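This structure is a prediction, so every number in the text was calculated from the model and none was measured. In what follows, every chain begins at residue 1, and chains take the letters A, B, ... in the order their sequences are listed.
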Amino acid sequence: MKKTPILSVQGLNVKFSLRGKTLHAIRDVSLDLYKGETLAIVGESGSGKSVLTKTFMGLMDTNGWIDSGSIWYEGKDLAQYKTEKEWLAIRGKEIAMVLQDPMTSLNPLKTIGAQIIEALKLHQHLEGPAAHQRMIETLMDVGIPDPERRAKQYPHEFSGGMRQRVVIAIAIACKPKILICDEPTTALDVTIQAQILHLIRELVRKYDLTTVYITHDLGVVANVADRVAVMYAGDIIEIGESREVFYDARHPYTWALLSSLPQLGVKGEDLFSIKGTPPNLFLEIKGDAFAPRNPHALKIDFEERPPFFDVSPTHKARTWLLDPRAPKVDPPQILQRLRKGEGV
Amino acid sequence: MSEKKELLLSVKDMKVNFGSRRKPFHAVRGVSFDIYKGETFGLVGESGSGKTTIGRAIIRIYEMAGGEVIFKGQKINGKISKELDKEVTRKMQMIFQDPMASLNERAKVDYIVSEGLYNVEKHLTKEQRKEKVDAALSDVGLLPEFASRFPHEFSGGQRQRIGIARALIMQPEFIVADEPISALDVSIRAQVLNLLSELQKKRGLTYLFISHDLSVMRFICDRIAVIHKGLLMELADTETLFRHPLHPYTKALLSAVPMPSPDHRQDGPPLVYDESVHDYSQDQPVWCEIEPGHFVLGNQAELDAYRKIIGEE
C-alpha cells in the first residue's frame, strides 16, 4: 500500500472541564491516518479513543476543548474550526461516523428513506428523483432487501442489524472519504456482527474508504484492521501493523490487554487480569501512565514519559523497556498461542 | 468432571409465554436440561432467543406456562409451601448484567447487600447483619468501609462485585448469572470471571451462566446449551460443542465469533443459519441424546446423519 496520510494529528491535547476541575482526556497524541487503510483504535472505556475521533468531526461535548495541537486534513487544520458552518463542510461529507447503538442514532419519527435523503440534500444538494435514486442505491449497497418498500418504513420496523445497516447507509450516502466506526457492532449479536463487519469490509473496497474502527473487542480488531493503535489514559502507547501488534507487542499494557483475552485462558486456572485501575485523568500524569500497574516498571517509568521507540518502520511503542539500557523483559509466554491460533 | 454427578436442578419441558392468553407469544417452547452440583452450565443464544427468560423462570420471576423445575428433588414452580418458598429464595440467587442499572442508587451499599436478609433472617441483630455484610464484601474483594457509600461512588467492576456480594450473603447454592460481565471492560472482565470461579471453588457453587459471548463461555463453562427461538438446539460439554458441533445453528454461531489473531481472519461472507435446511413437514424434530452427554435437536433423518458424523470421528 502506498502511504499518503489523509489525516494527520499532531501533538493533540484535549481537555474537559468537569465539576470545576480540568480533565486531560487526550495527552499529546500524534497519529497519521493513511489513505485507504483500516486503522483500529483499541482501549478500555475512558482511554480517550472516542474523544480522539470526535475531534475529527467537531463533535466534542461543549465542556471540552482542544488545548493545543493540530488535525490536518486536506491542507486545513480542523483543530482551528470553531463554527458549525465550517464543520458542515467536513462532517458527513468528508468524514462520516457510524455509532454504537443503532437504536438511538436514528430518528424514530422519520422514515429511513427520508433520513437518508436528508443527508443527501444537505451535503450533495440532491433533490427529487435523483436523491430518491441515490437513496435506493445506497440501501441496496448495504444489503437491505426490497429497498423501495423498506425506505417507507420507520426505524422501529427494523431489527437491530438492519438498523445498523441503515445507519451505515446514511454514513456512506454522501460518499465520504473517511468512515469512523465507533463500536459499530458492540450492541449486536455475534452472527449479525459478522455480517456487519463483512458489509463494512465490502463497502470499504467499493467506495475506497479510509476507515477508523474504535473498539475494545480484540477479536473484531484482528478481523478488520490493517493497523492497530492501542490507547491508554489518553495516549497512544503502541501502534503498528495488525500482525505486529498481535504477535510482537512491546508495551506491557498491550501484553496485559492481550493476555486477559478469555481465549487464552486455561480452564480451571485464573485468567490473567490487570491489577489496579486506570489513572485519574484529573491529576497530572508523570512518566508512563501504566507504570503503577506494570510489574515490569522501571524507575524511570515513574519519572519521565517514554518516547516512541521504533520496533520496525511501521511499529513503535512508548515504553522504556525498548531503550537499549533497559533490562531485557520477555513478553508473556501465553501470547505465543495467539500466533498459533490456539484456543480460538 | 467426575463421573458421580449429583443432580441439583432439573428443567423439564419448560414453556413460557408472554402477551395475552388468547394470542400468546411463545418465548420458551419446551426446554429440558439438567444442571449438576458444582458445575457451570452455560446458556448461549442471541438476543430474543429466550435465554434470559429461562433463567428468570427458574428463579421464579416469570411464571411458566408448562413444564416443571425440580430443585434438589422438589418441584419449585407453581404453588409451593411457604417454607419451601423461603428456602428456594435463599438458595437461588441472581447476578444481573448491568451493574449501573441493577443497584439502588439511593441506598447505601450496606443496605443493598443486606436487603435479602431482612426477608429471610429477621431475627438478626444489627451487629450480626453488619458482620455478614462485611464478610460478603471482603469475599468479593471490597473493603468493609465501602458499606457506608453509595453505588455511584464505584466503578463498573466494583459495582458488579457489590451485585455478587448481594447474592453471596444469602449463602446460595445455585446462582443464575445473566450476562454478568457483558457490560465490563476487558481487564475488569477478567477480574470478575476469576472472582466467580474462585467463589465456586471455595463454596461449591453451581452457576447457570447466561451469555452471548462464546469465548467467555468456552473459558468458564463445563457444559453449554445453545438456544435459538425458544428451543434448545444442542447441548454438550464445552469442548465437544466447540470441536464437533452438529446442529447447523451451532455451527453458524461458532463460526461468527471473531478470533483475536490476524492470521485467522474470516474473509468471505459469514455462515448464515437458514432454517429452511430442515424439512420438518413430515417428521417432527426431537431432542435426542446422540452420544453420552451430547444432545441435539433433529428429526430422524438428521439424527441419522449426525450419528454417522460421530461414527466417523
Side-chain angles (χ1 to χ4, degrees), chain A residues 42-47 159-160 185 187-195 197-198 201-202 216-225 228 241-243 245-247 256-275 277-278 293 337-344, chain B residues 40 44-49 155-158 181-198 200-201 211-222 228 238-239 242 249 252-273:
Chain A
V42 289
E44 296 176 71
S45 14
S47 61
S159 66
T185 56
L188 305 175
D189 281 317
V190 275
T191 50
I192 310 294
Q193 164 172 290
Q195 291 168 21
L197 293 181
H198 181 66
R201 219 161 20 212
E202 285 195 323
H216 64 263
D217 186 332
L218 290 161
V220 171
V221 173
N223 266 275
V224 299
V228 180
E241 287 181 354
S242 190
R243 297 190 75 243
V245 173
F246 274 93
Y247 301 145
L257 205 58
L258 290 169
S259 305
S260 52
L261 279 166
Q263 285 93 337
L264 294 182
V266 178
K267 219 175 221 157
E269 286 176 28
D270 268 4
L271 197 57
F272 180 86
S273 72
I274 308 174
K275 305 282 172 296
T277 50
R293 305 171 79 185
R337 299 181 60 205
L338 276 180
R339 188 187 291 250
K340 293 186 205 137
E342 266 175 44
V344 291
Chain B
T40 302
V44 66
E46 296 178 81
S47 31
S49 59
S155 68
Q158 287 174 319
I181 51 160
S182 306
L184 305 176
D185 260 321
V186 195
S187 66
I188 310 297
R189 200 187 315 181
Q191 293 174 10
V192 174
L193 280 177
N194 288 344
L195 173 66
L196 288 175
S197 46
E198 184 197 310
Q200 179 168 43
K201 269 182 224 153
S211 178
H212 65 271
D213 186 336
L214 282 150
S215 44
V216 169
M217 298 283 261
R218 187 176 195 175
F219 173 68
I220 197 158
C221 296
D222 298 308
H228 178 62
T238 306
E239 282 314 298
F242 273 84
Y249 178 72
L253 196 65
L254 292 178
S255 78
V257 183
M259 301 173 182
S261 178
D263 285 352
H264 301 84
R265 280 189 188 198
Q266 311 146 320
D267 270 327
L271 205 60
V272 177
Y273 172 58

Among the listed options [options], the residue most often paired with chain B at heavy-atom distances under 4.5 Å:
options: Leu197(A), Leu257(A), Val266(A); value: Val266(A)
options: Asp270(A), Val220(A), Asn223(A); value: Asn223(A)
options: Asp217(A), Val221(A), Val224(A), Leu188(A); value: Val224(A)

- With sequence neighbours excluded, what pairs up with Pro262(B) under the side-chain contact (heavy atoms from CB on, under 4.5 Å) test? Ala222(A), Ser242(A), Arg243(A), Phe246(A), Tyr247(A)
Distance check, rounded to the nearest 0.5 Å: [X] atom [atom1] versus [Y] atom [atom2]?
X: Leu271(A); Y: Leu196(B); atom1: CG; atom2: CG; answer: 11.5 Å
X: Ser215(B); Y: Leu218(A); atom1: OG; atom2: CG; answer: 10.5 Å
X: Leu261(A); Y: Met259(B); atom1: CG; atom2: CE; answer: 13.0 Å

Non-hydrogen atoms of chain B under 4.5 Å away: do they reach the side chain of [X], the backbone, both or neither?
X: Val228(A); result: neither
X: Gln195(A); result: both
X: Glu269(A); result: backbone
X: Val245(A); result: neither

- For the side chain of Ser261(B) and the backbone of Leu338(A), is there at least one donor-acceptor N/O pair under 3.5 Å apart? yes
- Message: Determine whether a donor-acceptor pair (N or O, by modelled atom type, separation under 3.5 Å) exists between the side chain of Gln191(B) and the backbone of Ile274(A).
- Response: yes
- With sequence neighbours left out, the residues meeting side chain to side chain donor-acceptor pair (under 3.5 Å) with Glu44(A) are Tyr253(A), Ser187(B)
- Message: To check you understand the geometry: which heavy-atom pair defines the closest contact between Pro258(B) and Gln193(A), and what is its length?
- Response: CG-NE2, 3.3 Å
- Non-hydrogen atoms of chain A under 4.5 Å away: do they reach the side chain of Leu193(B), the backbone, both or neither? side chain
- Does His216(A) reach the side chain of Arg189(B), with side-chain heavy atoms less than 4.5 Å apart? yes
- Task: Using a 4.5 Å cut-off on heavy atoms from C-beta on, say whether the side chain of Thr191(A) contacts that of Val272(B).
- Result: no
